[in-house]
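Working notes, structure below.
Below, chain A is the first sequence line, B the second, and so on; all start at residue 1. Below, each value reflects all heavy atoms present in this structure, side chains not excepted, and no hydrogens, waters or symmetry copies. Computed from a prediction, not measured in an experiment: that's the story for all the values here.
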Amino acid sequence: MSDLLTGLNPPQAEAVLHDEGPLLVLAGAGSGKTRVLTHRIARLIGERGVPPWAILAITFTNKAAGEMRERIVDLVGPVGREVWASTFHSACVRLLRREADAAGLPRDFTIYDADDQARLMRQCLVDEDMDPKRFAPRAVLGQISDAKNRLRGPEELAAEAGSFSDEAVVRLYRRYQQRLAAAGALDFDDLLMVTVRMLEADEATRNRYQSRFQHVMVDEYQDTNHAQYRLVRLLGAPQDNVMAVGDDDQGIYSWRGADVRNILDFERDYPGAHIVALEQNYRSTGTILRAANAVVALNHDRRPKKLWTDAGDGEPLAVAGFRDEHEEARAVASEIDRAAAEGTRLDEIAVFYRTNAQSRAIEDQLVRRRIPYGVVGGPRFYERAEVRDAMAYLRVVANPGDVIAFTRAMGAPKRGVGPGAVAKLAAFAETHGLGIAAAVAQADMVDGLTAAQRRGLAPVGRLLADLDQAARAGLPFDQLVRMAVDGSGLRASLETEGTLEAQGRLENLDELISVAGEYQASSDDPSLQGFLDEVALQSDADTVDQETGAVTLMTVHNAKGLEFDVVMMTGMEEGTFPHSRSDTPEALEEERRLCYVGMTRARRRLGLTHAETRGFRGSREYRLPSRFLAEIPLSDTRSTGRSGARRTEAVMPRSAPGSRPGRQVAAPARFDQGDAVVHATFGEGVVTAVESRGSLVRVRFADDGTERRLMAGAAPMRKVETA
DNA sequence: ATTCAACGCTTTTTT
DNA sequence: AGCGTTGAAT
C-alpha cells in the first residue's frame, strides 16, 4: 500500500492518490508518467476495491499496453491481467466483435489496412468513372480518413462540401463505404467511428459498458483525435472517472487527425478536473533538457512549463556537419564504436531520422562495420508482398466476402487469373447468390473463362475448401499457414525463381509460419479471426525490442515513449527536418515538437548531425543546417566538422516563433526557364524548369547530359545568360 | 487478357 | 530510388 507511494515525488503521489472524478496529468518528457499510471491503477484495485476488469487503460501501442499489464501484475498479482489495457483500435475491435449485432456488423468482419484501402479505392474510382490521376486514391482516402476521425459519414460530409472536388470525394466516400460493407470489412478509422456510433445509438449497450468501465485512463492524450475523444467521453460517463495523461509539447500526430485542443481543453470538457503537473525529469542530463526546452519554447501554441532536473549538466551536445549522407553515416558508425568502447551497450544507442528513406545510408555503414542493428519501421513484415499473399488465403477463409483478399489470392502465384477473370467470378457469385470463394469451386460453370484459367482455378477452389475445413477442425495456425503457402503454389513459384530475392521471400514465408505458431502458443483463446486481427493491428512500435544487443534505427515518430543512453539525430537540415512539406506555421510548430520528442529520448549523450548535400530521389540536393540547431543555446553544444551551430547562425537568422521556413531567408537568385548557368561542380547547363515558386530549379548539364534538381538559393551556381 | 518493359511521379510521419 | 501506371508483346 504505502509502498505504492515510495519513491514518488509529491505531484506523482498526488496523482496516484486521486480517487474519483476527472484527472489531468500534464506529464513532461521523462517525468515518470507510466509509473504514475500503473501505480494509480494498482491502488484502485488493491486499496479501493475496484475490479480490474472495470478499468480501461488506453495506450498508444500494443506493446505499451502489454508492458503496462505486466507492471500491474507485478504490483497486484495475476488479477491485474484482467485490466483492459490496449490501444484505441484494439479495444474497439474487441468491443465490436463482442457486440457485432448491436453494431450491425457481420461477426467475421475483416479489418482493411492502408494497402487494402488503396486497392478498394481504386475500384471505386473505376466505378465512378473517375481519373485516378486527378483523384489520387491516397489523397481521397486521406480526406475520408479526416472525415471519419471527425465522425462524419458521407452524408454529413456532403453537407460540408463546397467545391466540385469535395462533391467528388463525397461520391467516392459513399461508394467506398458500400464496397467496404459488401466485403464485410472495416478500415482503421471505421473501427473508432463505428464503435462510437454504436454506443451513441444503442442505449442498452452503452449502459452496459458505462457501468462496466468505472475508470477510463488514456495515455498520450495529446495525440487523440475527435473520434477517440468522443469514445472516452462516452465510456467515461456518467461518473467521469477519466484520467488523461499527456504533454502538449509532444503532440506529433495532427496529420492523422490528432487534436492538441483535446488536452488543452480538458478542464472545460470535464469541469472540476483535478490537474497535476509532473515537471521533474528523471531521464536526461541538464544540458540535454535545457537544449530541448530552448527549442520547444519557441512555439507559442503551448502551455508554458518548466521541466527541470537535479541531475548534473553532463556533456555538451555534439553538433557536426558533413559533406553528404555517407560521410554522416560513417561518423555515426564511428560514434557508435566509440560509445561501445566506453562500455555503452549497443541496445542503449539509437539513431533517429525524419524519414524512413534516410536509414539506408546508415544501414550501409553499419553493415560494413559489422555493427549489429535493428530498424523499426520501413517495410514491415506483414506488409511484404509474399506475406500478404499467403495471408490473403486465410483472409478469404475467415471472410469469404473479402474481395480484396480474394483478388490478391487469385493473382499470387501468377496463374493467368487477373482482374478480368475475378470480375467474372464475382458476377457469377452474385447471380447465383454464392460466396465468391464458392464460385471458384465451380469455375467450370463460369462463362468467359479460358481453359487455362479453369485449370488454374480448380486447385485453388479445393485449397480454399480444405483450408476452411482445417480451420473448423482446429488445425494449429502454423499448419494452416503452411497449407496456404504450399497448397497455393507460392512456395513452388519462389523456389523455381531461384534468385537471392526469392530466397529471402521464402524465408519470410517460413517466418510467417513460425509467427503463426507463436500466436497459437501464446494466445489465451486462439482463433483465426484473432490471429488476423493481431496481424492487422500490429504496429512498428510493437516490434521494438530494447534488449537485443543491437543499435536501434528509427524515425523520430517511432521514438516516442522510448529512451536511450546515447541518441544521434541525423539529417538535421532545412527541408529534411523540418520537413519541406511542413511549410505552414502550425506544421512547423509540430516539427519543432517532433524535434523536442527526439532530443528528450536521450539520457546521457545527444548528437545532432547534418549533411551539406543529400541524395534525394535519385538526384543530389543542397541542404542548409536545420534552424533547430540554431535554436539550441550555443553554450550547450560542441561543434565539429563542416559547420555546426555557429555557421548555422551566420547563414540563418534565429527564427521567430511561427516564422516561415528558411527558404525565403536565403533570397534565392531568380532563375527562369531557358537561362544558361554555370555550376561549380557540374559545369555549364540550361534551366529546364522552375519549381516550388522559384526555390527549386531543374538544370540539364552539358557535361554529362544529366538533369538535376537544385535549390536555387543554395546551389553554387550563377546565371551566365538570360533566356 | 495477362504479363512485361519503360516512363514518370512522388507520402513525411502511422494506428 | 522505387512504385505504379501506361503502352506493347505474348
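With C1' as the reference atom, C/dT5 and B/dT12 are 23 Å apart, rounded to whole Å.
At B/dT14, one or more side-chain N or O atoms of A/Asn558 fall inside 4.0 Å of OP1 or OP2 (strictly under the cut-off). Remark: A/Ser90 is not in phosphate contact with B/dT15, judged by side-chain N or O atoms under 4.0 Å from OP1 or OP2. Taking only side-chain nitrogens and oxygens, A/Asn356 comes nearer than 4.0 Å to OP1 or OP2 of B/dT14. Contact check, A/Arg256 against B/dT14: no side-chain N or O comes under 4.0 Å of OP1 or OP2.
With sequence neighbours left out, A/Asp533 forms a side chain to side chain contact (heavy atoms under 4.5 Å, CB included) with A/Val93, A/Arg97, A/Ile111, A/Gln529. Scanning for side chain to side chain contact (heavy atoms under 4.5 Å, CB included) contacts around A/Val556 gives A/Phe352, A/Phe577, A/Leu594, with sequence neighbours left out. Listed by chain and residue number, nothing satisfies the ring pair (Phe, Tyr, Trp, His ring centres under 6.0 Å) test with A/Phe109 (two or more places apart in sequence, or in another chain). Applying the side chain to side chain contact (heavy atoms under 4.5 Å, CB included) criterion to A/Ser86, with sequence neighbours excluded, gives A/Ser90, A/Ala91. Every residue two or more places apart in sequence or in another chain that forms a side chain to side chain contact (heavy atoms under 4.5 Å, CB included) with A/Gln358 is listed here: A/Tyr353, A/Arg354, A/Thr355, A/Thr570, A/Thr576, A/Arg614.
In this structure, the CG atom of A/Asp113 is 12 Å from the C1' atom of B/dT14, given to the nearest Å. In this structure, the NZ atom of A/Lys560 is 11 Å from the P atom of B/dT15, given to the nearest Å. A straight line from CG of A/Leu125 to P of C/dT6 spans 11 Å, rounded to a whole angstrom. Rounded to whole Å, atom C1' of B/dT13 lies 16 Å from atom CD of A/Gln250. Rounded to whole Å, the distance from CZ on A/Arg593 to C1' on B/dT12 is 15 Å. When rounded to the nearest whole Å, the span between CG of A/Asp116 and P of B/dT15 equals 15 Å. Atom CE of A/Met569 is separated from atom C1' of B/dT13 by 13 Å (rounded to the nearest Å). Atom CD in A/Glu589 sits about 18 Å away from atom C1' in B/dT13, given to the nearest Å.
A stacked arrangement is not assigned to A/His557 and the six-membered base ring of B/dT13, the conditions of a centre distance below 5.5 Å and an interplanar angle below 30° not being jointly met. Stacking between A/Trp255 and B/dT13 is present: the aromatic ring centre lies within less than 5.5 angstrom of the base six-membered ring centre, and the two planes differ by under 30 degrees.
For A/His89, the listed nucleotide lying nearest its side chain is B/dT15; candidates were B/dT15, B/dT12, B/dT14.
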Please tabulate, one pair per line, each protein N/O and nucleotide N/O from nucleotides 1-4 of chain C that are separated by under 3.5 Å, including the distance.
from, atom 1, to, atom 2, distance (Å)
C/dG2, OP1, A/Arg360, NH1, 2.8

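Remark on DNA chain B: of its neighbouring residues A/Thr87 and A/Arg581, the 5'-side contact belongs to A/Arg581, judged by nearest-heavy-atom nucleotide.
Salt-bridge check for A/Arg119 with A/Asp115: passed, with a basic side-chain N closer than 4.0 Å to an acidic carboxylate O.
Under a 3.5 Å cut-off, the side chain of A/Asn62 and the backbone N or O of A/Leu537 do form a donor-acceptor pair.
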